[in-house]
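All residue numbers refer to positions in the sequence shown, counting from 1. Computed over heavy atoms, backbone and side chain alike; hydrogens, waters and symmetry mates excluded.
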Amino acid sequence: MGILKSLELEYDLDDIEKFLQFFRTMCDKFEPLIIKLGSDKQKYKEAVKELEALAHNTAWAARRLRLNEVTDFCVFCEEIMNEASRFEGPASEEFTDWMLLMSDQFEKYCRSYENDDSVLALFNPLIVNVPNVISK
C-alpha cells in the first residue's frame, strides 16, 4: 500500500485533497519565485514573502495529516525565509542555488504522494549545508 492510500484510510478525503493542492501549488510556484530572488531588491522582498506563505500553507495542511517530515521541512523553509526577509536583496548566487535544492526536495516529496509511492522520497543531504551568504 502506498503513502497516499494509507492517508485515505485514516483521514478525510477533503483534508488530503487540500494538502495535495497546497503542495502542488507550492511546488509549481517555488522555482520561478527562487529565480525572482536574484532579480532586484523589490522582487527579492516579494518572492521571500510569497515563498514563506506557500511553505506556511503547506505546513498547515501537512500538520493536519500528521505528516511530520513534510511539516518539518516546510517549517524549516519558513524559518529560512524569515531570516532572508531581514536582508535587502537580491539573493546571492549561493543562496539561490541552495533554494533550488529545497525546491527539488519539495517536488520529490510531492511526487511521492501524487504517485502513491511506498515511501517518501529520500532527503538530499546537501540541503544541510545552509549557505553563509543570503544576500549580495
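- For the pair Ser39 (side chain) and Lys36 (backbone), a donor-acceptor distance under 3.5 Å is present.
- Within a 6.0 Å radius of CD in Glu83, more than 12 heavy atoms belonging to other residues, nucleotides or ligands are found.
- Between Asp116 and Lys5, none of the side-chain N atoms (NZ, or NE/NH1/NH2) sits under 4.0 Å from a carboxylate O, so this pair counts as no salt bridge.
- Tyr44 is not listed as a side-chain neighbour of Ser85, based on a closest heavy-atom distance of 4.5 Å or more.
- Tyr113 and Val75 fall into different hydrophobic clusters, defined by Ile, Leu, Val, Met, Phe, Trp and Tyr side-chain heavy atoms under 4.5 Å apart, directly or through other members.
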Apply side-chain contact (heavy atoms from CB on, under 4.5 Å) to Thr71 and Leu65, showing your working.
CA-CA 9 Å; Thr71 301; Leu65 302 175; over 6 Å; no

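- The two residues Ile127 and Met102 have their closest heavy-atom pair at CG2-SD, 3.7 Å.
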Intermediate values then yes/no, side-chain contact (heavy atoms from CB on, under 4.5 Å), Phe23 and Cys74
CA-CA 10 Å; Phe23 210 172; Cys74 288; 5.5 Å; no

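- Residue Leu122 places its CG atom among 12 or fewer non-hydrogen atoms of other residues, nucleotides or ligands, all under 6.0 Å distant.
- A salt bridge is absent between Asp104 and Lys108; no separation between the charged side-chain nitrogens and carboxylate oxygens falls under 4.0 Å.
- Linking Ile, Leu, Val, Met, Phe, Trp and Tyr residues whenever their side-chain heavy atoms come within less than 4.5 Å leaves Val133 and Ile80 in two separate clusters.
- In this structure, Asn82 contributes its side chain and Glu78 its backbone to no donor-acceptor pair below 3.5 Å.
- Shown here for Asn132 and Glu94, the closest heavy-atom pair between the two residues is N-OE2, 3.5 Å.
- Counting heavy-atom neighbours within 6.0 Å of Gln21 CD, excluding the residue itself, gives a total of 12 or less.
- Ring centers of Phe123 and Phe73: under 6.0 Å apart, within the cut-off.
- The environment of Lys45 atom NZ is dense: over 12 non-hydrogen atoms of other residues, nucleotides or ligands sit within 6.0 angstrom.
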